[in-house]
Amino acid sequence: MNQQNPNSDLKIDAIDQLKSTITDVVNTQEITDIHTHLFSPPFGELLLWGIDELLTYHYLIAEVFRKSDVSYQQFWSMTKPQQADLIWQTLFIDNSPISEACRGVITTLDALGLDVSSRNLNEYRAYFSDTSVEDFIDTVFAQSNVSNVVMTNDPFDPLEIPVWESGDTGDKRFEAALRMDVLINTYEESGYDQLKALDYDVDPKLSSEKSYKEVRRFLEIWIQRMNPKYMAVSLPPDFQYPDDGVLGRLFDNCILPVSREFNVPFALMIGVKRAVNPQLRMAGDGTGKADLTSLETLLRENPDNKFLVTLLSRENQHELCVIGRKFKNLMIFGCWWFMNNPSIIEEITRERIELLGLSVIPQHSDARILDQLIYKWKHSRQIIADVLFEKYQSLIDVGWSLTKSEIERDVNNLFGGNFDKFLNGN
Ligand code: FIX
Ligand code: ZN
C-alpha cells in the first residue's frame, strides 16, 4: 500500500532533504516477501522461530565447522540447544560475530529489545519461552514492516498435506508457492512413486500423453488447493532447455501449459549444486555458474508464459539483467542465498537498477526462521535506500526535481507493486 503524507507533493531539490526522505520512505513502506521458507501456525513444527532455531540456521552450521574442532558425527548427535550453545560459544564468544549470518542474529536480538551487550544466551531463551507464536508473528511482522510472506509449499510433504486438505491454513499473511523440486528434479527416483501412490496413472519415464495429463491433473488440483502465487523449482547450474529428458517433457507438456492456463508464473531458481558436502546436510549445498542460453530459449519460445528468476552465481547476474531487457515475460527477483550479503546485494541492486530501472523485485528474504525477517529486511532496506539515494542524487545534481510521492511510488513498486502487477497483468 502506498503510504502518503501531506508533504508528499513537495519538491525535493536538496540533497539532505533527499537522504531523510528516502530513509523514511524505504523504512515505512510495507513489503511483500516473495520467497521464504516460513509457515503459518497450522503447519505446526514447520514454522521455526526462537533463539535456538536462529543459532542453528544452516548458514551458521556451515560456519561453525570452520572454527570448531567438533566432528560432523558429534555435532549431529547433539540436541538442538546443545548445537546452539556450541555455535554461540564458537562464533559469537570465541570469535566476533561479523559474518552476515552472525550479524543477523545480533541485529534481530537488538530489534527485539534484548540486551546484546549481556551476551547472555539464557536471557534470550527466557524471552522466547515467555512469548506465544501468534504474538511473536505479530511482533516480527511489525518490526520488519512486512505485510505478507510467500511460503515454499511441497505438495508431497506429509506434514503439509493434511493442512492443505483441511482448507484452513490460518493467518492469511502467509501465502502459498507450489514448489516442484520433487517432481522435476527427482521424478525417476521419487516423484514417480509418490504420484503412483496417490493414484495418478503415470509411467516411470514420463513419456506418454496419458502421463502428461495426469501430471497436469496433479498440478491443477494443487493450484486449486493452495491458490499459489507461483510454481517454483530450484535447478542446478547445468540446467538445459530444451531438453529431451523428463525435465523437458515436464516443462513442455505439463508445467508451462498449466502455468499459462491458470496464470500462475513459473519461478526458476538456478545455480544450486545440492549436497556438495553431504556431511553438512542442509548446509552442504554449493553454487555454480549457469549457461543462460537455456533461459533465453525458454523465454523466447514461451512468450505467453511468465517467469520469475533468481540466480545463485554472482557471475551470472549481469547477463541476467541483459536478458531482462530483452524479455518482458521475465521478472528478476531477489539476491538469493550466497548472493544475500551486503557487498553483493549492493552491487547487484545497482547493476539491476542501472540496466532495468525500477522493473525488478530487488529482494526476497529466504527466511527459514521467522525472526530472520527482521534482520534480512533491515539490512536490505538500508542497502536499497543507499542505492536509490545515489541514483536520485545524480538526477537532482543536474536540475531534476522529485516529490516524496514519486519516491513512494517507486519504492512501493519495488517492495510489492511490481510483483502484484506481474502476477495480475497479462
Ligand atoms: O531452494 C531454496 O529455496 C533455497 O533457498 C534453500 O534450499 C536454501 O537452503 C536456503 O535456505 C537459502 O537461503
Ligand atoms: Zn529458498
Side-chain angles (χ1 to χ4, degrees), residues 32-39 43 46-49 53-65 99-105 108 146 149-157 160 174-186 191 228-239 247 265-288 290 307-314 316 332-342 344-345 348 361-377 379-380 419:
T32 298
D33 190 343
I34 83 152
H35 171 59
T36 76
H37 297 264
L38 302 176
F39 290 88
F43 290 94
L46 290 175
L47 169 57
L48 304 181
W49 63 289
E53 297 294 350
L54 261 185
L55 288 172
T56 54
Y57 184 34
H58 68 77
Y59 291 25
L60 291 173
I61 291 178
E63 290 174 31
V64 78
F65 284 107
S99 74
E100 176 63 5
C102 285
R103 177 188 160 222
V105 175
T108 304
V146 165
V149 299
V150 180
M151 306 181 276
T152 295
N153 302 106
D154 174 2
F156 293 112
D157 185 338
E160 287 200 43
F174 294 78
E175 302 185 282
L178 175 51
R179 186 70 176 242
M180 295 185 298
D181 285 38
V182 173
L183 185 67
I184 296 172
N185 294 326
T186 62
K229 292 285 172 193
Y230 54 83
M231 298 188 269
V233 66
S234 70
L235 294 164
D238 59 3
F239 151 71
L247 180 143
F266 190 16
L268 305 177
M269 306 175 70
I270 309 170
V272 56
K273 283 193 203 158
R274 295 287 179 196
V276 166
N277 180 358
Q279 303 263 37
L280 285 170
R281 300 192 183 174
M282 192 189 271
D285 299 338
T287 180
F307 298 90
L308 287 151
V309 173
T310 197
L311 301 179
L312 200 49
S313 161
R314 181 183 176 198
N316 278 138
I332 296 171
F333 75 97
C335 303
W336 183 25
W337 201 345
F338 309 116
M339 300 297 94
N340 202 355
N341 296 307
I344 299 181
I345 299 169
I348 295 177
I361 298 168
Q363 191 57 300
H364 67 269
S365 77
D366 232 310
R368 280 188 173 268
I369 294 110
L370 183 61
D371 329 20
Q372 291 172 338
L373 285 178
I374 297 176
Y375 91 76
K376 299 229 185 200
W377 282 113
H379 294 182
S380 286
F419 184 53

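For ligands, and for the atoms within them, numbers begin at 1 and follow the listed sequence. Numbers here simply count residues along the sequence, with the first being 1. Note that the structure is predicted; figures quoted are calculated from it, not measured.
Excluding waters, the set of protein N/O/S atoms under 2.8 Å from the Zn ion (ligand 2) reads H35 NE2, H37 NE2, D366 OD1.
The shortest contact between atom 2 (C) of ligand 1 and any protein heavy atom is with R179 NH2, 3.4 Å. For atom 10 (C) of ligand 1, the nearest protein heavy atom (residue, atom name, distance) is H58 NE2, 3.4 Å. The protein heavy-atom contact nearest to atom 6 (C) of ligand 1 is R368 NH2, 3.2 Å. Looking at atom 4 (C) of ligand 1, its nearest protein heavy atom turns out to be W336 NE1, 3.5 Å. From the protein, the heavy atom lying nearest to atom 13 (O) of ligand 1 is Y59 OH, 2.5 Å.
Rounded to the nearest 0.5 Å, atoms CD1 (I270) and CG (D238) are 11.0 Å apart. Distance check, rounded to the nearest 0.5 Å: CG of L311 to CG of L268 gives 9.0 Å.
T108 and D371 share no side-chain donor-acceptor pair at under 3.5 Å.
Proximity of K376 to ligand 1 is not established, as no heavy-atom distance is less than 4.0 Å.
Here the side chain of T36 pairs a donor or acceptor atom with the backbone of V150 at under 3.5 angstrom.
Summarising the contacts of atom 7 (O) of ligand 1 with M282, H35, M339, R274, the nearest heavy atom is found in R274.
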Identify every side-chain donor-acceptor pair in residues 279-286 under 3.5 Å, counting partners at least two apart or on other chains, and give the distances.
unit_1	atom_1	unit_2	atom_2	d
D285	OD1	A275	N	2.8
D285	OD2	R274	NH1	2.7

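Evaluation of the side chain to side chain contact (heavy atoms under 4.5 Å, CB included) rule for T287 yields L312, S313, F338 as partners, not counting sequence neighbours. Remark: K376 engages no residue in a salt bridge (charged side-chain N to carboxylate O under 4.0 Å, His left out) (not counting sequence neighbours).
A side chain to side chain contact (heavy atoms under 4.5 Å, CB included) with I369 holds for exactly one of V105, L48, T56; it is L48.
Between F333 and Y230, the ring planes are tilted. Angles from 30° to 60° get that label. Ring geometry for Y59 against Y57 counts as parallel: the plane angle stays under 30°, on a 0 to 90° scale with 60° as the upper cut.
Contacts of H364 with ligand 1, taken as heavy-atom pairs under 4.0 Å, are absent altogether.
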